[in-house]
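Contents: one structure, followed by commentary.
Treat the numbers as computed from the prediction; the structure is a model and nothing was measured.
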Amino acid sequence: MQRRLARTVRTALALTVSVLAVTVSALAPSGAQAAADEETRDLAVLREATAPFHDVTRALEAGWTEQPMCLDYPDGFAGEPPGTMGHHFFNVAYLRDGGHIEPSQPELLLYEKLADGSWRLNAVEYVIPAGDLPGTAEPPRMFGQEFRF
């Protein structure tokens with residue numbers, strides 16, 4: 001079961017649309033006020049939803065599971081410095097929800113394992129498996145961004 005789940009997660013990751021890092025610019029162009037408001041609102045929802053998960057123990061208690069094949073590259077990856085991807089913790093319910101996507105429910109949490117053995121939450125990912133979003137569907141939007149393959 002664990003192996004099949006790991007394969008499912010790897011497949012989902014390979015066929016995903018993801019937002020790896022979410023940032024909001026402090027200065028929005030005057031013509032983009034609605035997009036800036038959307039970004040600010042979505043980011044506030046995300047921060048509130050993930051606040052407890054800065055403690056990895058609370059994420060585990062809430063049902064998040066560390067991906068068996070962590071994406072931590074001690075020697076770097078594709079010319080990037082070591083450790084660039086970090087450890088992915090996934091929420092099976094969010095991954096298997098038929099492609100539902102919203103700021104408060106990122107499918108993956110990305111942690112960095114620090115030298116003292118503690119964990120730091122660094123990023124989130126939003127995942128829509130390709131089979132859950134027909135090619136003719138309008139791409140979803142969050143944080144002022146349109147999701148794309």
When rounded to the nearest 0.5 angstrom, what distance separates [atom1] in [X] from [atom2] in [Y]?
| X | Y | atom1 | atom2 | value |
| --- | --- | --- | --- | --- |
| Leu109 | Asn91 | CG | CG | 8.0 Å |
| Met142 | Arg41 | CE | CZ | 11.5 Å |
| Phe147 | Ile101 | CZ | CD1 | 4.0 Å |
| Leu108 | His88 | CG | NE2 | 5.5 Å |

Output all residues satisfying side-chain contact (heavy atoms from CB on, under 4.5 Å) with Pro52, sequence neighbours left out; order by chain, then residue number.
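Arg58.
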For residues [X] and [Y], determine if any side-chain heavy atom of one lies less than 4.5 Å from a side-chain heavy atom of the other.
| X | Y | result |
| --- | --- | --- |
| Lys113 | Tyr111 | no |
| Glu102 | Val45 | no |
| Phe90 | Val127 | no |

Measure across [X] and [Y] and return the closest heavy-atom pair with its distance rounded to 0.1 Å.
| X | Y | answer |
| --- | --- | --- |
| Phe143 | Pro103 | CZ-CB, 4.2 Å |
| Gly99 | Asp132 | N-OD2, 3.4 Å |
| Leu133 | Glu138 | CD1-O, 4.4 Å |
| Gly144 | Glu39 | N-CG, 3.7 Å |

N/O donor-acceptor pair under 3.5 Å between Thr50 side chain and Leu46 backbone:
yes
Check the angle between the aromatic planes of Tyr94 and Trp64 and answer parallel, tilted or perpendicular using the 30° and 60° thresholds.
perpendicular
